[in-house]
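One structure is given here, and the rest of the page talks about it.
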Amino acid sequence: MEDEKVKRATTEALFRDVNERIAETAEPFEANATEFVCECADANCTHRVEATLEEYEEVRADGATFMLAPGHEQDDIERVVEKHGRFHIVEKMQATVRAIVKRLNPRPGTA
Ligand SMILES: [Zn+2]
């Protein structure tokens, strides 16, 4: 259902905004991993994923890619493009969801 896809896309965009704030306050020269929130479509998800700022920046370089806890991907809207030990990177494939997350991209300069 379309409404439900809009809701999931909005949830993911909100988690992404939270992570943007986390990345802003993280120490840029800190080699250790930072704790981010899982950016999956489940509004009740409280999982944390660890990634370095460099890894995080790689995810944010594309307006349609998100990082989430392994297994949290939802096959009908996204596909896993990269598997790290601690998190997976997914790309939104479903047209509605993809359009919304790109429109809400906090970094309009990126793809
Ligand atoms: Zn999750």
Side-chain angles (χ1 to χ4, degrees):
M1 218 190 61
E2 207 65 6
D3 281 1
E4 179 271 336
K5 288 203 171 62
V6 171
K7 190 162 173 276
R8 281 197 278 168
T10 309
T11 297
E12 293 180 314
L14 280 173
F15 282 138
R16 177 172 60 188
D17 286 343
V18 171
N19 279 342
E20 285 287 86
R21 300 292 87 77
I22 293 172
E24 276 171 18
T25 56
E27 178 56 60
F29 303 108
E30 179 66 71
N32 295 330
T34 299
E35 202 172 67
F36 292 98
V37 299
C38 174
E39 298 176 343
C40 76
D42 178 1
N44 297 314
C45 179
T46 55
H47 272 72
R48 296 287 184 271
V49 290
E50 283 194 357
T52 62
L53 275 183
E54 198 180 350
E55 289 170 328
Y56 178 73
E57 288 300 321
E58 190 191 318
V59 178
R60 278 298 84 84
D62 187 314
T65 56
F66 286 71
M67 63 195 295
L68 37 79
H72 285 212
E73 57 271 4
Q74 300 186 353
D75 295 341
D76 60 330
I77 56 170
E78 60 208 0
R79 70 181 172 93
V80 177
V81 290
E82 222 176 301
K83 290 183 180 178
H84 291 266
R86 295 155 295 166
F87 64 91
H88 285 175
I89 299 176
V90 296
E91 181 179 4
K92 307 299 165 190
M93 302 309 290
Q94 199 281 327
T96 305
V97 172
R98 190 177 169 91
I100 292 171
V101 299
K102 279 192 168 264
R103 182 162 53 78
L104 297 175
N105 186 1
R107 302 187 186 188
T110 57

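If you're wondering where the values come from, they're calculated on a predicted model, not measured in any experiment. Whatever order the structure lists ligands and atoms in, that order sets their numbers, starting from 1.
Inter-residue side-chain proximity for Glu55 and Glu82 is flagged as unmet; no heavy-atom pair is nearer than 4.5 Å. In this structure, the side chains of Gln94 and Asp76 stay at 4.5 Å or more apart for every pair of heavy atoms.
Between atom CG of residue Leu104 and atom CZ of residue Arg16 there is a gap of 6.5 Å, rounded to the nearest 0.5 Å. Taken from CE in Met93 to CZ in Arg98, the straight-line distance is 6.0 Å, to the nearest 0.5 Å.
Ring geometry for His47 against His72 counts as perpendicular: the plane angle is over 60°, on a 0 to 90° scale with 30° as the lower cut.
Around the Zn ion (ligand 1), protein N, O or S atoms at a distance under 2.8 Å total 4; waters are neither shown nor counted.
Residues Pro70 and Phe87 come closest through the heavy atom pair CD-CA, 3.9 Å.
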